[in-house]
Amino acid sequence: MQKGIGLVMDMKNILRVGIVSSVDERDATARVVFGDREDVVSYKMDILSRGSFLLKDYWLPDVNEQVWCLFLPTGNADGIILGSTYNQEDLVPIKNKNKRHIRFGDGTFIDYDRETHTLTVDFLHPGKIVFNNTNIINNQTTQRGEPEWRSSEVLEK
């Protein structure tokens, strides 16, 4: 029984939930406060990214956002912020498995529905979309509904 209790205690030290207290956008790190540890503040922690080599996906949590953190078993000096989850205070913004949805703090959102093939950009306040160094191309489709062009990345059926 003692061995099982030790494993649970080790897991509590490895996987923790806390609140972001500060963010450093220069190196994509943040500090986290752990209320269950007498409000101990972490060292600067890296934030897990979905891409950091050739395909880069940049996201930082907000101050006061609840996040999940993973620490090495050697202590609380080396850890990484895994991300955040929805909860009773921070509710799921939509309920549709066919959508990819990004909502910003000012209420603006970008939404792609893979079922209807609809991309929606909705500004809560007057906004603008900027395209740098590009041409906007509107491809016409053939009678079969396929694009007239064929990308080399499209797999043939």
Side-chain angles (χ1 to χ4, degrees), residues 14-71 76-157:
I14 293 173
L15 186 61
R16 298 187 208 154
V17 176
I19 303 295
V20 174
S21 62
S22 66
V23 175
D24 188 339
E25 57 266 322
R26 294 169 299 175
D27 60 0
T29 59
R31 294 179 187 265
V32 178
V33 176
F34 298 101
D36 64 337
R37 306 284 170 123
E38 299 178 2
D39 291 335
V40 168
V41 179
S42 72
Y43 293 97
K44 286 174 72 170
M45 298 172 60
D46 290 327
I47 300 163
L48 188 64
S49 168
R50 293 188 303 177
S52 63
F53 183 48
L54 296 177
L55 179 61
K56 299 178 187 301
D57 186 357
Y58 181 78
W59 165 85
L60 297 175
D62 290 319
V63 170
N64 294 321
E65 185 166 355
Q66 179 179 294
V67 292
W68 287 76
C69 305
L70 183 67
F71 288 89
N76 64 359
D78 295 315
I80 187 165
I81 297 171
L82 299 173
S84 58
T85 56
Y86 299 112
N87 55 55
Q88 292 178 351
E89 291 181 28
D90 302 308
L91 303 174
V92 177
I94 63 169
K95 294 173 180 73
N96 186 329
K97 67 181 180 182
N98 288 310
K99 289 189 176 185
R100 169 83 162 120
H101 183 87
I102 302 170
R103 183 174 302 265
F104 299 92
D106 68 352
T108 298
F109 70 83
I110 301 171
D111 189 286
Y112 180 72
D113 187 322
R114 64 183 177 187
E115 190 173 54
T116 64
H117 312 288
T118 304
L119 177 67
T120 302
V121 179
D122 191 343
F123 292 93
L124 182 63
H125 306 286
K128 58 184 163 183
I129 299 175
V130 177
F131 294 96
N132 292 321
N133 302 315
T134 190
N135 292 319
I136 306 297
I137 299 172
N138 181 11
N139 284 319
Q140 300 300 314
T141 58
T142 64
Q143 290 182 4
R144 295 188 331 210
E146 296 177 357
E148 292 177 350
W149 55 272
R150 297 295 293 175
S151 169
S152 61
E153 296 178 10
V154 174
L155 300 176
E156 298 295 328
K157 293 183 180 179

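- Among all heavy-atom pairs drawn from Val20 and Asp62, the shortest one is CB-O, 3.4 Å.
- The two residues Trp59 and Gly83 come nearest to each other via the heavy atoms CH2-CA, 4.3 Å.
- In plain terms, the two heavy atoms of Val23 and Pro61 that are nearest each other are CG2-O, 3.2 Å.
- Ser42 approaches Phe34 most closely through the heavy-atom pair CB-CE1, 3.9 Å.
- When every heavy atom of Ala30 is checked against every heavy atom of Ile81, the shortest pair comes out as CB-CD1, 3.6 Å.
- In this structure, Lys44 pairs ionically with Asp27, as a charged nitrogen and a carboxylate oxygen lie closer than 4.0 Å.
- One distance of note links CG of Asp113 with CG of Asn96; it measures 5.5 Å at 0.5 Å rounding.
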Item to check | Chi angles and distances behind the side chain to side chain donor-acceptor pair (under 3.5 Å) call for Trp68, Thr85 | outcome: CA-CA 8 Å; Trp68 287 76; Thr85 56; 3.1 Å; yes
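- A donor-acceptor contact under 3.5 angstrom links the side chains of Ser84 and Glu65, judged on distance only.
- Atom CZ of Arg31 is separated from atom CG of Asp24 by 9.0 Å, given to the nearest 0.5 angstrom.
- Note that CD1 of Ile19 and CG of Asn64 are 7.0 Å apart. Values are rounded to the nearest 0.5 Å.
- The NZ atom of Lys95 sits 16.0 Å away from the NZ atom of Lys97 when rounded to the nearest 0.5 Å.
- Taking every heavy atom of both residues into account, Ser21 and Val41 meet most closely at OG-CG1, 3.9 Å.
- A distance of 9.0 Å separates CD1 in Ile80 from OG in Ser49, rounded to the nearest 0.5 Å.
- Geometrically, Arg100 does not engage Tyr112 in a cation-pi contact, judged by NZ or CZ lying under 6.0 Å from the ring centre and within 45° of the ring axis.
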Item to check | Phe53/Leu55 under side chain to side chain contact (heavy atoms under 4.5 Å, CB included): CA gap, chis, key distance, verdict | outcome: CA-CA 6 Å; Phe53 183 48; Leu55 179 61; over 6 Å; no
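- Taking the side chain as every heavy atom from C-beta outward, Thr120 and Phe109 approach each other to under 4.5 Å.
- Ile110 is not listed as a side-chain neighbour of His101, based on a closest heavy-atom distance of 4.5 Å or more.
- The CG atom of Leu48 sits 11.0 Å away from the SG atom of Cys69 when rounded to the nearest 0.5 Å.
- The closest donor-acceptor contact from the side chain of Thr118 to the backbone of Thr116 lies under 3.5 Å.
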Next on the checklist: Let's go through Leu15 and Leu82 carefully: what are the C-alpha distance in whole Å and the side-chain angles of both, what is the deciding distance for side chain to side chain contact (heavy atoms under 4.5 Å, CB included) to 0.1 Å, and is it a yes or a no?
Outcome noted: CA-CA 10 Å; Leu15 186 61; Leu82 299 173; 4.0 Å; yes
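- With a 6.0 Å cutoff to the six-membered ring centre and a 45° limit on the axis angle, Arg16 counts as a cation-pi contact of Phe71.
- A donor-acceptor contact shorter than 3.5 Å is absent between the side chain of Thr29 and the backbone of Asp46.
- Other residues, nucleotides and ligands place more than 12 heavy atoms under 6.0 Å from the CZ atom of Phe123.
- Counting only heavy atoms from C-beta outward, the side chains of Leu60 and Tyr58 approach each other to under 4.5 Å.
- Arg103 places no side-chain N or O within donor-acceptor distance of the main-chain N or O of Ile94, the cut-off being under 3.5 Å.
- A heavy-atom distance below 4.5 Å is found between the side chains of Leu70 and Ile14.
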